[in-house]
Participant: 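My structure is below; once you've seen it, I'll send some questions.
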Number of protein chains: 2
Amino acid sequence: MKATDSRNLHGHVIRELGKRIVVGDLRPGDVLPREEALAESMDVSRTALREALKVLSAKGLIESRPRVGTRVRATHFWNQLDADVLSWRCASMPADDFIEKLVEMREIIEPAAAAAAARRRTAAQLANVELAYRKMEASLDPEEWAVADLGFHDAVLQATGNELMISLFSVVESALGMFFVLSAKTAGNFNYSLPHHLKVLEAIRRKQPEIARKAMQSMIEDSLANLHKKRKGSSKKAS
Amino acid sequence: MKATDSRNLHGHVIRELGKRIVVGDLRPGDVLPREEALAESMDVSRTALREALKVLSAKGLIESRPRVGTRVRATHFWNQLDADVLSWRCASMPADDFIEKLVEMREIIEPAAAAAAARRRTAAQLANVELAYRKMEASLDPEEWAVADLGFHDAVLQATGNELMISLFSVVESALGMFFVLSAKTAGNFNYSLPHHLKVLEAIRRKQPEIARKAMQSMIEDSLANLHKKRKGSSKKAS
DNA sequence: CGCGGTGCATTTGTATGATAAATTTCGGGA
DNA sequence: TCCCGAAATTTATCATACAAATGCACCGCG
């Protein structure tokens, strides 16, 4: 929900360098200037710079060694699932193929989550899913509906009780959110997919994992189909 | 593959505090001692301590504000998919239910990855999967086989071309590895599952996603069944 | 008595300068 | 030529000082 803190000074340095690396302005193998020089060039003290470098190092983006300097690591070392890394990547170069990768992750997680929720949900978790569904029913405008929809998916995820899945979903979703929230608002026909939601809810209530999985799957398929239709309608785009 | 660097001093502080938090020795809401005091109690300078705190903050474990101190954040803020967080969690208290969550993630990722690989694999990627399969065929002892097996799964993952999936797998796998490598070595019947591997390979070659998914799925099911059997055999454990 | 603003104290945030440790590189000797 | 050691460079760590933020108590006013 919240990336590197923007208030503090070293937070700025983290974002600045992080973006430059993720975008490709700084390439793997490149060595950064000496800490002293780099600090001066970014108008911060070496202390603040180093705190930033340590964070980037923890994200797997860089590696520093005495006498050698700090160099950008190969991409396969990066913490690709780190919220910051993901957001930097989305902020700058929303390459279409990257969005597709995010969507692919979503398509994998959500049906599996629905199945897991149907298998293990507690009574309280079921109640939350139901509550979320009711809020969707009661939504009057697309914006309200979009919020309630997110709440529904979140409730399902919570019902899995698997914090790894929850974390993965939240990271992917927040990265995708940057693109999809907008298009959601344009919809006039916003509660088309409510029947799907109902199917998911009922399957979770009755503890039927496979039915829940399939329902969630077709829900996503539908929403993606809608999205493509809209896209084709507004902007003319090949392939 | 490599968590926070152990060589450096602040790396020690990161692990020490990180573990204490993840394990539950320090609970969400708790506030840590003042930086000066904490630094002294850990025999490092305030500078080094702060670099460590910044890293833990980037992992979502803590949050520090002037005048208030640094407090442990609620677990839902944690970067659960961070390699360090995961490893700390495994290192100390390998609660059975947590292992199950990791296994669940693996069960979700791998079939999906096999399907994606079958859909999009390049010729070179297919060649790598085939090479990995050949190495499994040629394996003579369980240890060699385990390494080759990991190589096979890795090759499939690479063939998806989705770095998010690759990263997720590598994180989960390295966390699981701590438990499973051992039991793999005990097997006498180590190349039981080769037929499954072959099915996956062939499905990827022929670009048949659904077949690849199912093959990978049953491969995992079998290996888990084997594992349970072995467990029951060696240690007597209820439920 | 209650309420709001104002200053103070405390803790993190940043800066600076100095020293230690690591490691590459270069040079000298066998 | 090869090996070993000294030198140079860069990160790692430390100590200290000051700035900024902010909770809290105190004081004055209605």
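These numbers come from the heavy atoms of this one structure, side chains and all, not from hydrogens, waters or symmetry mates. In what follows, chains are A, B, ... by sequence order, proteins preceding strands, each numbered from 1.
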Participant: Give the rounded distance in Å between these two atoms: CD1 of A/Ile14 and P of C/dG13.
Facilitator: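 Roughly 12 Å, once rounded to whole Å.
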Participant: Expressed in angstrom and rounded to an integer, what is the separation of A/Arg71 atom CZ from C/dT24 atom C1'?
Facilitator: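 To the nearest whole Å, that distance equals 12 Å.
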Participant: What is the distance, to the nearest angstrom, from the CZ atom on B/Arg46 to the P atom on C/dA15?
Facilitator: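 Result: 13 Å.
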Participant: Between A/Asp30 (side chain) and A/Arg27 (backbone), is there a donor-acceptor pair under 3.5 Å?
Facilitator: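 Yes.
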Participant: Nearest-Å distance, CZ (B/Arg7) to C1' (C/dT23)?
Facilitator: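 Interatomic distance, CZ of B/Arg7 to C1' of C/dT23: 12 Å.
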Participant: Whether the side chain of B/Arg65 and the base of C/dG13 hold a donor-acceptor pair under 3.5 Å is what I'd like checked.
Facilitator: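 Side chain to base: no pair present.
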Participant: Ignoring backbone atoms, establish whether A/His10 has a side-chain N or O less than 4.0 Å from OP1 or OP2 of C/dG13.
Facilitator: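 The answer is no; no side-chain N or O of A/His10 sits under 4.0 Å from OP1 or OP2.
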Participant: Just how far, in rounded Å, is P of C/dT14 from CD of B/Glu35?
Facilitator: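 Atom CD in B/Glu35 sits about 11 Å away from atom P in C/dT14.
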Participant: Decide whether A/Glu173 and A/His153 meet the rule of one side-chain donor and one side-chain acceptor closer than 3.5 Å.
Facilitator: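 No - no donor-acceptor pair under 3.5 Å links their side chains.
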Participant: Under the 3.5 angstrom rule, does the side chain of B/Asp141 hit a backbone N or O of B/Glu144 as a donor-acceptor pair?
Facilitator: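 Between the backbone of B/Glu144 and the side chain of B/Asp141 there is a qualifying donor-acceptor contact (under 3.5 Å).
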Participant: Map B/Arg67 and B/Arg50 onto DNA chain C by nearest heavy atom, then report which one ends up closer to the 5' terminus.
Facilitator: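 The residue whose closest nucleotide sits nearer the 5' end is B/Arg67.
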Participant: Please tell me if A/Ser45 has a side-chain N or O lying less than 4.0 Å from either OP1 or OP2 of C/dT14.
Facilitator: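 Answer is no, no contact under 4.0 Å.
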Participant: Do A/Gln158 and A/Asn128 have a side chain donor and acceptor closer than 3.5 Å?
Facilitator: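 On atom types as modelled, these side chains do not qualify, holding no pair under 3.5 Å.
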Participant: I'd like to know if the side chain of B/Arg121 reaches the main chain of B/Ile204, judged simply by a donor and an acceptor atom lying under 3.5 Å from each other, with no hydrogens or angles considered.
Facilitator: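 Checked: pair present.
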Participant: How long is the line joining CG of B/Leu38 and P of C/dT11, in whole Å?
Facilitator: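 After rounding, the gap between these two atoms is 13 Å.
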Participant: What is the first contacted nucleotide of DNA chain D and what is the last, in 5' to 3' order, if contact means an atom lying under 4.0 angstrom from a heavy atom of chain A?
Facilitator: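 That gives a stretch of D/dA8 to D/dT13.
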Participant: Are there over 12 heavy-atom neighbours, none belonging to B/Glu36, within less than 6.0 Å of that residue's CD?
Facilitator: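 Atom CD in B/Glu36 is not crowded, with 12 or fewer foreign heavy atoms closer than 6.0 Å.
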Participant: Using the benzene-type ring in the case of Trp, are the ring centres of B/His197 and B/Phe152 under 6.0 Å apart?
Facilitator: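 Ring centroids of B/His197 and B/Phe152 are less than 6.0 Å from each other.
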Participant: Measure from CG on A/Asp5 to P on C/dG13 and round the result to the nearest Å.
Facilitator: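 Taking CG of A/Asp5 and P of C/dG13, I get 9 Å after rounding.
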Participant: Would you say the side chain of A/Thr47 and the base of C/dT16 hold a donor-acceptor pair, judged only by whether the two atoms sit under 3.5 Å apart?
Facilitator: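 In this structure, the two groups form a donor-acceptor pair.
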Participant: Please state how far atom CG in A/Asn8 lies from atom C1' in C/dA15, giving the value in whole angstrom units.
Facilitator: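 Distance check: A/Asn8 CG to C/dA15 C1' gives 15 Å.
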